[in-house]
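Just so we're clear, the structure is a prediction, and the values are computed from it rather than from any experiment. Ligands are counted one by one from 1 in listed order, and the atoms in each one are counted from 1 as well. As a basis for the values below, the full set of heavy atoms in this structure was taken, side chains included, without hydrogen atoms, waters or symmetry mates. Along the sequence shown, residues are numbered consecutively beginning with 1.
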Amino acid sequence: MKHYSILVHLLLWAVSTSLSAQNLFPTPANYQRNKGEFIITKATKTYGNQTYADKIASQTSSNLTQSNENAVANVIAFFIEPQLKLAEEGYTLQVKTDSIILKAATEAGLFHAKESLLQLSRFGNGKVKCCTINDAPRYQWRGFMLDESRHFFGKEKVKQYLDIMASLRLNVFHWHLTDEPGWRIEIKKYPKLTQIGAVGNYHDPKAPATFYTQEDIKEIVAYAAERQIMVVPEFDMPGHATAVCRAYPEYSGGGEGRWQHFTFHPCREGTYRFISDVLDEIVSLFPSPYIHIDEVHYGNQSWFTDPEIQNFIKEKKLVDEKGLEHYFLRRAADIVASKGKTMIGWDEIIDAGISPRKAVVMWWRHDRQHQLVKALENGYRVILTPRRPMYADFTQFGAHKVGRQWAGYNTIENLYNFPEPISHLMKGYENQVMGMQMSLWTERVADFKRLDFMVFPRLIALAEAAWTPEKAKECSMFMQRLPYFLKYLDSMDIYYFNPLNPTEREEPGAPEKEDVLQNG
Ligand code: TNX
């Protein structure tokens, strides 16, 4: 019995040292520790076997952390070998005492290999323990959504987040650029969208206009692409269109009270022409095959009384206002498809009769698990971003006061452990689950400090949940390793929440405003 328990302890020790030795975020699918270490010095040479690999090699050499040991002759080599039988974004990384070899079949794979190596060099202070890593992501969609309509943060902050996303092997930046308080993207054909629509934010309707010019957008898209990140823009319709309607009242669907001009006018051809024109410019700026389009199931009070709208419902035999909303969404999906793109919509769209070939569903209503099941059963591809635990505007700690709660809040552990609690709902449909994303809505996030605090460190947990296979995930180990990544965030002046020392920093506040969270 005694021997047995010593054996168990030894085994646990071996497992924990081999896991904690890696200090990689996210934890790789397979990691094997070998004897010895590779020492990075100024004499370390890097090279690649072709153009992209060469570029990655030179980027690596300027970003590696060097040890302060004397120069040792050793080499780091990057190979792209398309014939390698590796998963789409997979890679291998072999560290020996005199060489580090990184291999992938694709550019994305080699990029991720490089980011792993940079972490190993950074967290090991220039010394990398010998190992063999065989890695590939669990999900193809590993995303982060930022809402810049409610509050605008600007190019430099976005670039900083893209850098951190790249390090975490996150590959989708879902950019929420249009919503009620402000329209944030320049559209040349409709200049009032930014002259008028970009004025104001969630707290201050008179705040000076803030938006991205088309040049800014190109710069961000290119910056992201360099980091193997796809930028997916969101253009909200038929609801959340208040900023558009302020600029071009002719497309407004009316509304009343709090919902004044909340929707597009759903039955005027001019609306669809406007949407098509705007999409032409959006499509030319974003190479992503996807465009995110919103939905609406509230704020359309005037649809019930406006004679023009009521006539249209009768004429087109749409039955009721819901039927009209679905008509709108089908037309939007067709416009998006006519431009060679696939629409992504929130989970309401599965009731609109859009072909699963034309749309991808983002499941957000955690309280409606049947919507997820229905989407899968109906053949849609699905991205998981349920409010619990994936919305970062929810608080993350018991004593925190600013942010949403709904029968609890979203701790770092909740994100880490996702999607296991709902795996049973997806049984048999795993191939339709593209992945997951953490989404930050910014009604209560008005400055960088609070933005950082809500995003980090939960984004690190999301990255591991989306990348690491279930069998290699272990939350307590992750929490033990977390300080390494927090130190890296320190070097970038990120004001994160520290779950290992929750009272270390104050929770940043947000300007007061009565929150009307219409949709729960
Ligand atoms: C839900 S469609 C929203 C956002 C809010 C968010 C707040 C959809 C996902 N809408 O408009 O900002 O909740 O948590």
- request: Start with the C-alpha gap between His151 and His203, add the side-chain angles, then the distance that decides, and say whether side-chain hydrogen bond (donor to acceptor under 3.5 Å, both in side chains) holds.
  value: CA-CA 8 Å; His151 288 104; His203 286 103; 3.0 Å; yes

Option passing side chain to side chain contact (heavy atoms under 4.5 Å, CB included) with Gln437 (candidates Leu384, Thr385, Leu462): Thr385

message: Taking the basic N atoms (NZ, or NE/NH1/NH2) and the acidic carboxylate oxygens, is any pair closer than 4.0 Å for Arg387 and Asp393?
response: no

task: Would you indicate whether Glu504, at its atom CD, is surrounded by more than 12 heavy atoms from other residues, nucleotides or ligands within a distance under 6.0 Å?
output: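 Yes, enclosed.
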
query: For Arg150, is at least one N or O under 3.5 Å away from an N or O on ligand 1?
result: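 Yes, there is a polar N/O contact under 3.5 Å.
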
query: Does Trp441 reach ligand 1 with a nitrogen or oxygen that is under 3.5 Å from one of the ligand's nitrogen or oxygen atoms?
result: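 There is no such contact.
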
- request: Pick, from Glu234, Glu348, Arg404, Arg387, the option with the minimum heavy-atom distance to atom 13 (O) of ligand 1.
  value: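 Nearest option to atom 13 (O) of ligand 1, by heavy atoms: Arg404.
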
- prompt: Relative to each other, are the rings of Phe264 and Phe328 parallel, tilted or perpendicular (30° and 60° limits)?
  reply: parallel

- prompt: Under 4.0 Å from any heavy atom of Tyr391, which atoms of ligand 1 are there?
  reply: 9 (C), 13 (O), 14 (O)

- prompt: Just which atoms of ligand 1 are under 4.0 Å from any heavy atom in Asp393?
  reply: 7 (C), 14 (O)

task: Could you establish whether His240 and ligand 1 come within less than 4.0 Å of each other, counting only heavy atoms on the residue side?
output: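 A heavy atom of His240 does come that close to ligand 1.
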
